[in-house]
Amino acid sequence: MATQINNQSRSRIILGIFIVVFVIIMAQLLNLQLFSPSYRLQAENNAIFRKVIYPDRGIIYDRKGHAMIDNMINYDLTVTPTEARKGVDTAALCEILGIDTAEYHKRMITAIIKNSSFKPSTFEPLLTKELFAKLNESLYKFPGFALQERPVRTYPYHVGANFLGRLGEVSSNYLKEHPEEGYQPGDYIGIVGLEKSYEKVLMGQRGVNRYLRDNRSRIQGPYAGGAYDTTAIAGRSLYTSIDVKTQKLGEKLFENKLGAAVAINPKTGGIIAMVTAPSFDPNDLTPSEYRSHIGFLVTDTTRPTYNRAIAGMYPPGSTYKPLGALIALDEGVITPSYGYDCRGAYWACGKRVRCDESWAGHAANMQLAIAHSCNSYFCNVFRMTIDNPKYGSPRKGYARWREYMHGFGFGTHLGVDIPGERAGNIPDTTEYNHDYGNRWVSCNMVTMGIGQDRMTATPLQSANEACIIANKGWYYTPHFVDSIENPQLGDTSFLARYHVKHKPLNISDADFRSVQKGMEDVASEGTASAVKIPGHLFAGKTGTAQVPKVKNLAVFVAYAPIEDPQIAIAVYVENAGYGSAWAAPIAAHMMEQYLNDTLTEDTKADVERLSKANLIPGQVYSWRRSQDSLRAAEQREREKRKDSTLLARQKAEIADSLQLLTQADSHKKDSTKKDSMREAMLVDWRTKMWPLRFPPHKNAGK
């Protein structure tokens with residue numbers, strides 16, 4: 001009885017196992033046929049050809065409606081690996097593309113890894129016209145391959161590379177981190193500049209057309225009459241404050257120079273021009289040209305891809321002095337009539353701070369001191385501000401001064417609408433505590449009063465300084481984009497930050513007017529009196545900052561016209577000497593172009609003079625030559641190693657061949673020896689065995 005019960009239990013267990021296995025198999029079959037996306041996609045791809053329609057990206061216009069970026073149609077060669085396994089004339093395709101079969105298989109594996117074997121992937125991006133023609137007439141030889149339209153960027157004015165930005169292929173990391181944004185491998189995305197900042201506006205929305213295919217993958221027509229097709233939606237355009245003529249002139253003026261210039265409309269905060277030098281033609285970094293030019297651009301010692309206008313941190317030099325005057329006036333340590341008896345240098349701190357002027361009375365009041373840029377005057381004013389008795393210590397006085405500087409936009413990010421902005425440096429007290437302990441005084445930082453010491457600013461911040469002075473204390477955050485085509489709620493909220501008027505400091509209009517008069521005198525009788533704008537009066541401030549081992553940094557800030565400011569500008573020219581000699585003329589010509597929309601013949605001649613002047617330091621060329629020599633030596637070493645490796649490989653092959661020949665000869669000798677031994681053994685065996693096999697007859701020999 002017990003045995004029967006045990007047998008029944010075993011039967012139930014075995015039956016249960018069979019039922020569970022059957023259920024699992026059926027569930028997997030249902031999953032594969034009804035629910036599995038991969039098999040469903042493979043099945044769909046066998047019957048339906050899915051063609052992606054890339055939209056036109058939004059256009060970027062200047063303030064007058066000129067397209068600084070436009071679109072043109074190009075083509076990619078795409079491949080669906082599962083369809084390209086049979087029937088592809090690989091040799092013909094490799095010959096057209098100029099690759100070998102190893103590269104062909106490498107690209108195919110890459111396509112499978114990046115986008116699976118049943119989805120189309122880019123095999124050869126951005127075909128030339130000649131390559132497109134060859135592939136188009138031979139495409140029937142390459143099943144699984146297709147030509148995919150793709151809009152690409154073109155830059156008709158060849159300017160603005162560092163703020164317009166560029167496109168690049170979306171990275172695998174970005175795809176993993178942003179799966180909801182709809183990008184696919186092979187898509188292009190804004191990498192830097194406005195292309196990156198406004199990517200979601202410019203990109204548009206892809207469309208898809210579906211076509212029915214027969215069992216030989218030939219397209220028969222629209223699938224379901226086009227009921228499942230989606231239309232591509234073009235990206236929306238950007239309307240900027242850039243004046244492309246002023247931008248083009250600025251880039252011409254900065255040829256053969258290092259530095260930057262930023263021009264802003266003080267009434268709106270809109271950036272009129274942003275020049276960084278040296279620069280490059282933005283067409284050189286379009287996806288089709290990227291590989292040809294990026295190597296040179298990133299190894300060039302002048303750093304053409306570096307946007308000095310927002311990331312270059314320079315000592316502002318004497319262009320700081322109007323701010324120093326405003327702070328001192330607001331703090332009550334001076335009045336506009338305050339004067340200083342400068343005899344060509346400032347000696348009060350026990351060391352000489354040189355002044356370019358030594359004639360009596362050039363700093364008899366603040367207006368004259370600004371006009372003639374008296375170092376002694378502003379060193380003393382800075383010390384008076386830091387040592388203000390109402391704060392009780394230089395540390396507290398300096399902290400208050402630093403708050404003013406932050407209010408003027410120095411030592412902080414302004415928030416321009418392209419990535420890469422740096423804050424400059426207005427050092428805090430910890431830096432001086434580190435160097436001098438807790439015993440430092442205003443004399444330890446006296447050259448801060450003339451825009452040197454550890455003070456650094458970006459050209460963007462200096463241009464914004466000119467806006468603040470022109471507006472008597474207020475400014476809008478500098479920005480490029482004024483409006484967006486067909487604005488949506490998110491666009492409005494994003495742009496709203498650039499339409500907020502900032503007035504961080506409550507300095508009186510009277511104090512601002514006193515400083516403005518000094519800057520107007522700079523242009524009429526002071527350090528920039530040789531520079532003129534036809535038809536307009538301007539206010540400005542020259543600066544000459546000392547830089548170790550090279551010529552001085554030339555700086556100039558200005559705004560015009562003085563009665564109704566429409567443009568504020570800052571110009572920094574490295575290794576140039578005096579600001580009045582180089583930076584001021586560049587600024588004046590750019591302001592003339594913007595205000596008059598043309599240049600006089602005299603100005604055009606001066607533009608040619610300035611553009612041909614090469615102010616790039618010799619050290620840069622020396623370093624470039626050394627780097628070129630180093631690269632050449634490394635290349636020779638690589639070639640030498642390559643030749644050595646090849647020679648070693650040839651020697652090894654020869655040695656292997658000799659070894660094989662030796663082995664073959666030895667084997668032959670061994671075989672001959674063995675054959676001889678075998679023959680001798682056979683003869684011996686026959687000699688011994690023959691009598692046994694064939695014994696002699698008894699009567700033999702009778």
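Source: prediction; values computed, not measured. By convention here, the first residue in the shown sequence is residue 1.
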Enquirer: A quick test of your reading: do over 12 heavy atoms of other residues, nucleotides or ligands sit less than 6.0 Å from CG of L489?
Expert: no
Enquirer: Just how far is it from atom CG of L147 to atom CZ of F132, taken to the nearest 0.5 Å?
Expert: 5.5 Å
Enquirer: Can a donor-acceptor pair be found between the side chains of D417 and Y198 at a distance below 3.5 Å?
Expert: yes
Enquirer: So, applying side-chain contact (heavy atoms from CB on, under 4.5 Å) with L164, which one of M274, M68, E195, R153 is it?
Expert: M68
Enquirer: Kindly assign one of parallel, tilted or perpendicular to the pair H499 and H479, based on the angle between their ring planes and the thresholds 30° and 60°.
Expert: perpendicular
Enquirer: Kindly write out the residues that satisfy salt bridge (Lys or Arg N to Asp or Glu O under 4.0 Å) with D491, not counting sequence neighbours, or none if the list is empty.
Expert: R236
Enquirer: Determine the minimum heavy-atom distance between P478 and L460, stating which atoms define it.
Expert: CB-CD1, 3.8 Å
Enquirer: Cation over ring, R308 on Y306, under 6.0 Å and within 45°?
Expert: no
Enquirer: For D243, what residues pass the side-chain hydrogen bond (donor to acceptor under 3.5 Å, both in side chains) criterion, not counting sequence neighbours?
Expert: R63, T246
Enquirer: Only one of F163, Y239, Y61 forms a ring pair (Phe, Tyr, Trp, His ring centres under 6.0 Å) with F480, so which one is it?
Expert: F163
Enquirer: Quick check for you: to the nearest 0.5 Å, what is the distance between L126 atom CG and L77 atom CG?
Expert: 11.5 Å
Enquirer: Which residues satisfy the side-chain hydrogen bond (donor to acceptor under 3.5 Å, both in side chains) test with E485, sequence neighbours excluded?
Expert: S237
Enquirer: Does the plane of the ring in F494 sit parallel, tilted or perpendicular to the ring in Y498? Use 30° and 60° as the thresholds.
Expert: perpendicular
Enquirer: For the residue pair S462 / Y314, report whether a side-chain donor-acceptor contact shorter than 3.5 Å exists.
Expert: no
Enquirer: Just wondering, are more than 12 heavy atoms of other shown residues or ligands nearer than 6.0 Å to CD in E181?
Expert: yes
Enquirer: Is it the case that over 12 heavy atoms from other parts of the model lie below 6.0 angstrom from the NZ atom of K64?
Expert: yes
Enquirer: Ignoring hydrogens, what is the shortest heavy-atom contact between I264 and A463? Give both atom names and the distance.
Expert: CD1-CB, 3.8 Å
Enquirer: Taking atom types as modelled, is there a side-chain donor on T78 or D76 under 3.5 Å from an acceptor on the other?
Expert: no
Enquirer: How many angstroms lie between CG in D187 and CG in L175, if you round to the nearest 0.5 Å?
Expert: 8.0 Å
